[in-house]
Structure formats: structure tokens, C-alpha cells
*Asks:* 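Handing you a structure now.
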Amino acid sequence: MKKRVIVWFRRDLRLADNPALTAALGGGFDSIVPVFIHAPDELGDWAPGGAQRVWLHFSLEALAAQLDSLGSRLIVRTGPTQETLDELIEESGASAVYWNRLYDPLTIARDKKIKKHLDDSGMETASFQSHLLYEPWTVETKQGKPYKVFTPFWKSVRDRTISAPLAAPNTMPQVWSRIGSRSLASLDLLPRIDWDKEIREAWTPGEDGAHDRLEQFLDDAIENYDNDRDRPARHGTSYLSPHLHCGEIGPRQIMHRLEEWLDEHSGKALQDHAASFRSEIGWREFAHHVLYHFPDTPEKPLDERFEAFPWSGDDEGLKRWQRGQTGIPMVDAGMRELWATGYMHNRLRMTVASFLTKNLRVAWQHGERWFWDTLVDADLANNTLGWQWATGCGADAAPFFRIFNPARQGERFDADGEYVRRWVPELAKLENRHIHEPWKAPAKALKAASIRLGTDYPEPIVDLKASRREALEAFDRIKKSD
DNA sequence: GAGCAATTCGA
DNA sequence: CGAATTGCT
């Protein structure tokens, strides 16, 4: 009797360091059926957004090509997942299903149900850790509770040993030709109008693209990480987030390769830069930890007092924010970068989130949703943590009064206005000293730069100082009403 | 460089 | 008890 196993791919679209795949290859099976099941309905409100879908399309295309080159084949199906797995089991005669674990609430619930169903019908099932360095349930405070503050979380886990990543297979068993697959195109992941051009040009989804990015980061950017990662005009960050989201590379591989690289490049300064980068990977772990233990946080503030926060309900403000027409250069630059490319530099993510929630006092869930639909790296854990952090209703005791001033942010991190000029070209001719606050520029300076405020570029839709004060007052009220 | 405004977390 | 991502006026 032939033994066959289904490897159920999800957001682990890689061959190297893929424990489910490795277990299947080492499990004495005669055949392996690699399958991806597209079932966005099962993710409720958090089905992949527009930009994510584009990424997923190309990532699946890359995985399919890799499997082809090893003599295997990616089977693509659509949900419902449980029924689809049942059909595949029937068609292939598989006796086992293996997969790698994910941690968002709806996926956990679905996977549990499917595991029980498969177990009950006599299948062998196994799930594996590959998406995170530290399983959320293995990390707790001395009181046995989940962590709510990053630093103690990170201190408690960062010295744990990380096992070596698994090698990619050199060859794989053929997939029975009778097992049919849908075409990728039929999943309808790509947009009808080609707004995704910039995404295609700027990125290479897939496992090879992910590793190239990591190498590029090590070669070019890590030596200045602490200084350059906050400067949006530079390429100072790793750009690994969308690759990590789809699991084209895993955190274990990143950490391992980093150590290997550091062994070849010594220096105290480099160690510091590497520590900062590691802690960013740590933030991703922390975000998953918090989402796992507080599964309501995509919708609800962790700090319950914020349920009563007097949001403005400013629809017009939200629209202008989305379109990059707020009249605040840094905010508009960030929002336009997002709209044009599906990506936004992290420094700007904090700045625009602070502006939306504090200065416009629009509920953070609206911004979270917009990011979800537009970001190519939209990730439920990271997006949720980021928005709650920026709002001040999240995991740490950060004071609400820590409100970003977009003009100060511009002066500090985009001093020469390069980033603003790139994304808000109508301000291109304005001198550096006015570029982050055009409303304060003298008439002469505006004229010299051919800018008519309110015509060529909007007047600020809100007064930064007054709106900051009002936000603080609103926070005072919910604090006292507790 | 202090004050924001005292709070919550976590050892 | 000390500490708390990345701030602003």
C-alpha cells in the first residue's frame, strides 16, 4: 500500500526551513501532495486586502515554479478548506496531512476544527512551528501571565537557543497527474486595472526574492541600521516584512543568517546595529504573542477605557488622510507612498497613525482597516499592535500625551525634504526650512516655489497645536470617567 | 532639560 | 521597587 501525505501550504510559502515539508519528506511516504487552498471567507473581516492579494498571487507563482523544478507540483484549490481537504484525501489516497501553524484567531479556530475532523476520520495530522521563533504559549511572566510590555518580553526570550533552519529539498516525489489543480489566475487575486505596477517593479515575491532581500540588507544597510532605519528617504530598513508575512523566509532563517554574517564581519558598532535589528524581529514576535493572548485586539482596544473615547467621526478628515491631502507634508507623503507603492516606511506609519488618531481624532480602527487594504505587508498581528501602540490604547503603559508632531518628525528624519519632495512634488521647489510647514512660509517663499496654498497644495485641514491639546483633553476625560 | 501625570507592568 | 520604542512644548 502506497503511503501518501498532503502538505497543506498556507503562509509558509517556502521550501527551506519548512518543518511540515521536511517531516513529510522524512516520513517514509511514497508521495507528497503540496496544496494551497484559497479560502478568504474563512478569515472573516481579515481576508487578505488588495495589496496582499497581489503579493500572494506572485508568491504562489514562485512556489509553484520551485516545486515544478523539483519534479513536484503545487495543487491550487479553493475552499471551504475542510471539504477541499476531504476531496484531496479521497483523490490521492493520502493518510496524513501536515502543516505549519499560524496564530491569528480565526485561523486558529478553523485549524483546530479541521484537525479534529481529520483526527476523527482516522487521518494522521501534524502541525509544526515555523512562523515564529517562540510559541506564544511558551512565554509568560513570573505570575504566569502574557507580557504586555515589549522590553521585558524580549529580555525573557532573546537568549533562548534558536534551532538551526532546515535545508530545502533537492528533489521531490511526483504528484499523481490525476490530481487536478486550478490555475492561479482563476483565484482572481490580481486587480482588474493595473494599479499594482509599482508593487511588481519594487518587489520580488517568493523565496528567492526574500533571501536576496536579506543579503542586500546585510551587504548595504545593516552597518548603518541604527541611523538610517528612521530616515524614510533612504533604504535603511530590511524590507523583509511582506516576505515574512507570507512565510517566504522564516525568522529562524533570518536570525541564523545574521549570526553567520556577523561571524565574518566583526566590530562593536556592528553588534549594536545587529541588536537593534534583532529587536525588530522581536517586535514581530511580541505582536504575535499579544494577538494570541488577546484575540479581540484587532477590533477592541486592550485598554478598555478607550471604548469610551470621544472619536470625532470626521469622515472628511479620514478621506483626506487616505488620499494624502491633509496639507501636512509628512503625512501626505507617507499616505501617497502607501497608495502608490503598497508600502510605507515605518517612521511614517507612526507619524500618520498619530495624526489620524490624535490630531483628527478618528478611531484607530479606520486607519487599521485602510492599512489592511493597502499595505503589501499587511499582517494582522503587526497591524493591530502598531495601531494600538500609536493610539496609546495598546500593550504598554505609554502615555497618551506622546503625540507626534508631523512637522518635527520631518525636521528630524527628513531634514533635507527629500522624502516629501519625492511624494509631494507640488512642494518640490520650496526651501528646506519651509518644506515641512508650508503654511508658515512667507508669501514670497511660496511664490518663488510656484505654490498657491489652497490651490496647488491644501491648507492644513487641522491646526496641529490646537488639535493636540483637544486630544489631550479628551484623554483626560476618559481617564477620569474610569 | 524639565514637565507632561501619574500609571501599569513585571521582578 | 524600577522601568516603560522610537515625543513635544
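Side chains included, hydrogens not; waters and symmetry mates left out as well; all remaining heavy atoms used. Every chain is numbered from 1 and lettered A, B, ... according to where its sequence line falls, protein lines coming before strand lines.
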*Asks:* Which whole number of Å gives the distance between the P atom of C/dA3 and that of B/dA5?
*Replies:* 23 Å
*Asks:* Rounded to whole Å, please give me the gap between NZ in A/K155 and P in B/dA11.
*Replies:*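 Computing the A/K155:NZ to B/dA11:P distance gives 10 Å.
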*Asks:* Would you say the side chains of A/N432 and A/R421 form a donor-acceptor pair under 3.5 Å?
*Replies:*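 There is such a pair (donor and acceptor under 3.5 Å, judged by atom type) between the side chains of A/N432 and A/R421.
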*Asks:* Can you find a side chain N or O atom of A/N346 that sits less than 4.0 Å from OP1 or OP2 on C/dT6?
*Replies:*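 No, A/N346 has no side-chain N/O under 4.0 Å of OP1/OP2 on C/dT6.
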*Asks:* Let me know the distance between NZ of A/K358 and P of C/dC8, rounded to the nearest Å.
*Replies:* 11 Å
*Asks:* Tell me the ring-ring contact (aromatic ring centres under 6.0 Å, His included) pairs involving residues 257-281 of chain A, sequence neighbours left out?
*Replies:*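 Passing the test, one end in residues 257-281 of chain A: A/F217-A/F277, A/Y225-A/F277, A/W261-A/H265.
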*Asks:* For C/dG7 and B/dC9, measure between their P atoms and round to the nearest Å.
*Replies:* 23 Å
*Asks:* If we take the P atom in both B/dG10 and B/dA6, what is their distance in whole Å?
*Replies:*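 That atom pair is separated by 23 Å.
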*Asks:* Of all the choices, B/dC9, B/dA11, C/dC8, which nucleotide is nearest to the side chain of A/T141 once you look at every atom?
*Replies:*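 Of all the options, the side chain of A/T141 is nearest to B/dA11.
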*Asks:* Whole angstroms only, please: what is the CD-P distance between A/Q388 and C/dA4?
*Replies:*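 Rounding to the nearest Å, CD of A/Q388 and P of C/dA4 are 21 Å apart.
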*Asks:* Quick check on C/dA3: is either OP1 or OP2 less than 4.0 Å from any side-chain nitrogen or oxygen of A/Y147?
*Replies:*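 So the side-chain polar atoms of A/Y147 never come under 4.0 Å of the phosphate oxygens OP1 or OP2 of C/dA3.
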*Asks:* Is any side-chain nitrogen or oxygen of A/K142 closer than 4.0 Å to OP1 or OP2 of B/dG10?
*Replies:*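 It does not, given that no N or O in the side chain of A/K142 lies less than 4.0 Å from OP1 or OP2 of B/dG10.
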*Asks:* Please state whether the phosphate of B/dC9, meaning OP1 or OP2, lies under 4.0 angstrom from any side-chain nitrogen or oxygen of A/Q143.
*Replies:* no
*Asks:* Do A/W389 and the base of C/dT5 stack face to face, with centres under 5.5 Å apart and an angle between planes under 30°?
*Replies:*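 Stacking between A/W389 and C/dT5: absent.
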*Asks:* Any side-chain donor-acceptor pair under 3.5 Å between A/Y419 and A/E337?
*Replies:* yes
*Asks:* Mind calculating the distance between CG (A/L472) and C1' (B/dC4) to the nearest angstrom?
*Replies:*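 Nearest whole value for this atom pair: 9 Å.
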*Asks:* Return no unless some side-chain N or O of A/R347 is found under 4.0 Å from OP1 or OP2 of C/dG7.
*Replies:* yes
*Asks:* Which nucleotide sits closest to the side chain of A/F413: C/dG7, C/dT6, C/dA4?
*Replies:* C/dG7
*Asks:* Examine the side chains of A/H131 and A/R284 and answer whether a donor and an acceptor come within less than 3.5 Å of each other.
*Replies:* yes
*Asks:* Among the nucleotides C/dC8, C/dT5, B/dG10, which one has an atom lying closest to any side-chain atom of A/R408?
*Replies:* C/dC8
*Asks:* Whether the A/E248 and A/W55 side chains hold a donor-acceptor pair (N or O, under 3.5 Å, no angle test) is what I'd like checked.
*Replies:*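 Yes, a side-chain donor-acceptor pair sits under 3.5 Å.
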*Asks:* Would you please confirm or rule out a distance under 4.0 Å between OP1 or OP2 of C/dT5 and any side-chain N or O of A/T151?
*Replies:* yes
*Asks:* List the steps, then state whether side chain to side chain donor-acceptor pair (under 3.5 Å) holds for A/E299 with A/W46.
*Replies:* CA-CA 11 Å; A/E299 288 85 23; A/W46 303 106; 2.8 Å; yes
*Asks:* Using a 3.5 Å distance criterion without hydrogens, assess whether the side chain of A/D208 forms a donor-acceptor pair with backbone atoms of A/D212.
*Replies:*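 Pair absent, no side-chain N/O of A/D208 close to backbone of A/D212.
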*Asks:* Does the A/H293 side chain pair with the main chain of A/P146, one donor and one acceptor, at a distance under 3.5 Å?
*Replies:* no
*Asks:* Can you tell me how far P of B/dG10 sits from CD of A/E140, to the nearest Å?
*Replies:* 12 Å
*Asks:* Which dot-bracket string fits DNA chain B when only Watson-Crick or G-U wobble pairs with both atom distances under 3.5 Å count, crossing pairs get [ ], and | stands for a partner on a different strand?
*Replies:* .|||..||||.
*Asks:* Distance check: side-chain N/O of A/R349 vs OP1/OP2 of C/dT6, anything under 4.0 Å?
*Replies:*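 Negative; the distance criterion is not met.
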*Asks:* Could you work out the separation of C/dC8 and B/dT7 based on their P atoms and round it to a whole Å?
*Replies:*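 Going atom to atom, P in each nucleotide, I get 24 Å.
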*Asks:* Among A/F306, A/F371, A/W370, which one satisfies ring pair (Phe, Tyr, Trp, His ring centres under 6.0 Å) with A/W387?
*Replies:*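 Among A/F306, A/F371, A/W370, the one that satisfies the ring pair (Phe, Tyr, Trp, His ring centres under 6.0 Å) with A/W387 is A/F371.
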*Asks:* Look at the side-chain N and O atoms of A/R412 and state whether any lies under 4.0 Å from the OP1 or OP2 oxygen of C/dG7.
*Replies:*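 Yes, within the criterion.
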*Asks:* Using atom CE of A/M350 as one end and atom C1' of C/dC8 as the other, report the distance to the nearest whole Å.
*Replies:*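 My rounded result for the distance is 15 Å.
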*Asks:* Take atom CZ of A/F286 and atom P of C/dT6, then tell me their distance rounded to the nearest Å.
*Replies:* 13 Å
*Asks:* Between C1' on C/dG7 and CD on A/E411, what's the gap in Å once rounded to a whole number?
*Replies:*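 These atoms are roughly 13 Å apart.
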*Asks:* For A/P406, answer base if it contacts any base atom (sugar-phosphate contacts may also be present), sugar-phosphate if it contacts only those atoms, and nothing otherwise; contact means non-hydrogen atoms under 4.0 Å.
*Replies:*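 No contact.
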*Asks:* Considering only atom P, compute the distance from B/dG3 to C/dT5 and round it to an integer number of Å.
*Replies:* 23 Å
